[in-house]
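First up is the structure itself, then whatever we jot down about it.
Proteins get letters first, then strands, A, B, ... in listed order; numbering begins at 1 in each.
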Amino acid sequence: MLTLNAIRTQTDEVIERLSLRGKDRKNDVLEILSTDEQKRSKQTELEQALAKSNVLAKEIGELFKSGEAEKANLLKNESLALKENIKSLELEQLDLEQLLTAKLYELPNTPSTKVKLGYGADDNETVYEWGNDPILPANPLPHWELTDKYKLVDFELGNKITGAGFPVYTGKGARLQRALINFFLDEALAAGYYEIQPPILVNEASGIGTGQLPDKEGQMYHSTIDNLYCIPTAEVPITNMYRDVLLKENELPIKNVGYTPCFRREAGSYGAHVRGLNRLHQFDKVEIVQIARPDQSYEILEEMVEHVKGLLTKLGLKFRILRLCGGDMGFASALTYDFEAWSGAQQKWLEVSSTSNFETFQANRLKCRFKNKEGKNELVHTLNGSALALPRIVASLLENNQTEDGINLPECLHPYLGFQKI
RNA sequence: GGAGAAAUGGCAGAGCGGUUGAAUGCGGCAGUCUUGAAAACUGUUUUAGUGAAAGCUAACGGGGGUUCGAAUCCCUCUUUCUCCGCCA
């Protein structure tokens, strides 16, 4: 959620930046400003009534003490009448406040200056590309045939025990998963990240904190009996560790990494493009999360991009980095880089990481601040990135490295795998 | 799951209906002293909203209630501790 302060003091810039998302938000912003004004004047009115009531209560107390019960009772009546007024003012103020919050929740983050105006995936800019086209056998197999051929992933079995989108990894397929997770975690540790193993069920407050709730309610699996949600990404629990936290400046930046399974309902996305491992309801991901001082956050975003770049390079996968345009960026993000690995047999790019700076958008909801040099509490910037999401990496690895007589796995994984070839 | 106890400022810990935003101690910050430091002494030390400011308002785990007035009484939820049960 954007800060009211930014909306109030930099109104024109906020409107201008939001328009980069390909939609004019001027009216929304102006409505927020007028609602805020109404709320504040109602609040002033309420506070004045409360002040009066406090004075009366004090006087009554003193009168009782000095034994002037009659006078006290007179004042009591006055106070009672005031109370009615306070109650209705409270309700009105609360209504306005809820309206204001609802409107603020609906407003996406303001894109950073680097973001180009755009309306969808076609307007994204490719900012980096690495690797050569894989050399493939005559009739390369898509990964869902390779996983079948070498008994790596059993989709049918997953259908049976859970449903579509919940594959069972078997044998070398399962070991490849484990190797990738360990490789990604170790690389992050070497880059100075601190390992976290968070819960994979979170409460409502956490969902609100990182912005999944209330708008993306339908995208998460929800245990209604306990009112807990399955996490769609480790970002949710790991960022929420800092909900309602006041950090010291010297604690920043905080660099955390966590491996978790991720659960996404992916409501409404079915069809041929979701075959095999391309889109799942449950998948594994290693996520890097940083909490940073505002003046450092863009430098840190670059550092995170470099980290992800390094992983893909070591895996030897042809990939590209896109800087997302305004229209394709997530709701909470100010700047996002997507990483796409080339999938040789499918002949298409698969998104394997999304690395973003949220600036204060999440921190504002989370109330995560730090005490700055002037001793003032200031909102932190939050950043996160996949490093990396497994299924599409597996898809690319299998497809790009297939030969007539097996699949050669990259060297960086050998120590983790205990084998080199499938 | 059952029975009981508890939740107060950065921490420890008073308060249990009326100038208590909250005693006291520790810690933090500033100063005096000192060549410097320690000790000692003095002062200061929560956050948010609103306002030009003075000020005003709110917050003693969360929510609700009683009352002219609640940290203090009642209800409820959450969490922690102790005992019992169950269990990887």
Side-chain angles (χ1 to χ4, degrees), chain A residues 1-9 32-104 197-209 213-214 223-229 237 240-252 254 261 360 362-380:
Chain A
M1 146 170 88
L2 290 175
T3 62
L4 256 179
N5 191 35
I7 296 175
R8 246 195 283 174
T9 58
I32 285 171
L33 283 177
S34 81
T35 308
D36 174 50
E37 213 157 292
Q38 287 172 51
K39 192 215 91 179
R40 288 210 321 276
S41 83
K42 189 59 71 183
Q43 190 174 326
T44 309
E45 214 180 316
L46 171 65
E47 281 174 5
Q48 281 167 353
L50 282 170
K52 209 164 157 190
S53 148
N54 285 345
V55 170
L56 279 175
K58 208 169 271 181
E59 282 176 18
I60 292 168
E62 273 158 21
L63 287 172
F64 269 123
K65 253 187 190 168
S66 58
E68 298 172 81
E70 265 174 59
K71 272 187 182 174
N73 281 324
L74 270 171
L75 286 184
K76 253 194 191 179
N77 288 335
E78 198 180 328
S79 181
L80 228 42
L82 192 60
K83 236 183 132 179
E84 297 276 305
N85 190 24
I86 286 173
K87 213 159 225 173
S88 71
L89 284 171
E90 260 172 356
L91 286 176
E92 289 169 49
Q93 197 265 0
L94 193 69
D95 272 356
L96 285 167
E97 196 173 318
Q98 281 171 348
L99 183 65
L100 181 63
T101 313
K103 284 182 183 192
L104 279 171
Q197 199 174 101
I200 56 179
L201 257 54
V202 295
N203 58 27
E204 204 177 341
S206 294
I208 291 170
L213 295 173
S223 167
T224 48
I225 190 166
D226 299 299
N227 200 22
L228 294 174
Y229 295 84
N240 270 285
M241 299 195 309
Y242 303 94
R243 174 153 45 84
D244 295 317
V245 165
L246 183 64
L247 294 159
K248 296 192 186 85
E249 186 170 343
N250 63 17
E251 291 178 280
L252 300 175
I254 290 168
T360 60
Q362 287 184 329
N364 189 31
R365 273 203 199 185
L366 289 165
K367 287 204 190 65
C368 178
R369 295 157 304 164
F370 73 102
K371 214 170 253 308
N372 67 19
K373 286 208 174 67
E374 289 84 54
K376 278 272 202 177
N377 295 342
E378 192 179 337
L379 290 170
V380 298

Remember a base hit wins even if backbone is also touched, and classify [X] as base, sugar-phosphate or nothing at under 4.0 Å, heavy atoms.
{"X": "A/L56", "value": "nothing"}
{"X": "A/K248", "value": "nothing"}
{"X": "A/N77", "value": "nothing"}

> Got more than 12 heavy atoms from elsewhere within 6.0 Å of CD, A/Q197?
Replying inline: no
> Crowded around A/K103 NZ? As in, over 12 foreign heavy atoms under 6.0 Å?
Replying inline: yes
>> Can you tell me if A/K87 touches the phosphate of B/G65, counting only side-chain N or O atoms and a distance under 4.0 Å to OP1 or OP2?
In response: no
> Which parts of residues 38-52 of chain A get close to RNA chain B, meaning a heavy atom less than 4.0 angstrom away?
Replying inline: A/R40, A/Q43, A/E47, A/L50, A/A51
May I have the distance from [X] (atom [atom1]) to [N] (atom [atom2]), rounded to whole angstrom?
{"X": "A/F64", "N": "B/U19", "atom1": "CZ", "atom2": "P", "answer": "15 Å"}
{"X": "A/R369", "N": "B/A48", "atom1": "CZ", "atom2": "P", "answer": "5 Å"}
{"X": "A/N364", "N": "B/A48", "atom1": "CG", "atom2": "C1'", "answer": "13 Å"}
{"X": "A/L75", "N": "B/G18", "atom1": "CG", "atom2": "P", "answer": "19 Å"}
{"X": "A/L96", "N": "B/G49", "atom1": "CG", "atom2": "P", "answer": "18 Å"}
{"X": "A/D36", "N": "B/G49", "atom1": "CG", "atom2": "P", "answer": "12 Å"}
{"X": "A/E97", "N": "B/A58", "atom1": "CD", "atom2": "C1'", "answer": "11 Å"}
{"X": "A/K58", "N": "B/U20", "atom1": "NZ", "atom2": "P", "answer": "9 Å"}

>> Between A/E378 and A/R369, does the salt bridge (Lys or Arg N to Asp or Glu O under 4.0 Å) criterion hold? Intermediate values first, please.
In response: CA-CA 5 Å; A/E378 192 179 337; A/R369 295 157 304 164; over 6 Å; no
> Pick the nucleotide of RNA chain B nearest each of A/V55 and A/I60; which residue has the one closer to the 5' end?
Replying inline: A/V55
> Mapping A/N54 and A/L246 to their closest nucleotides on RNA chain B, which lands nearer the 5' end?
Replying inline: A/L246
> So, for A/A49 and A/L82, which heavy atoms are closest and what is the spacing to 0.1 Å?
Replying inline: O-CD2, 3.7 Å
>> Can you confirm whether the side chains of A/R8 and A/N5 place a donor and an acceptor under 3.5 Å from each other?
In response: no
> For RNA chain B, what dot-bracket results from Watson-Crick or G-U pairs at under 3.5 Å, with [ ] for crossers and | for inter-strand partners?
Replying inline: ((((((((.[[[..)..(.....]]]((((((.......))))))(((((....))))).[[[[[..)....]]]]])))))))....
> Is any side-chain heavy atom of A/K76 less than 4.5 Å from a side-chain heavy atom of A/F64?
Replying inline: yes
>> Could you work out, with ring-ring contact (aromatic ring centres under 6.0 Å, His included) as the rule, every residue matching A/Y229, not counting sequence neighbours?
In response: A/H222
> Expressed in whole Å, how much space separates the C1' atoms belonging to B/U72 and B/A6?
Replying inline: 16 Å
> What distance, rounded to whole Å, do you find between the two C1' atoms, one in B/A22 and one in B/A14?
Replying inline: 10 Å
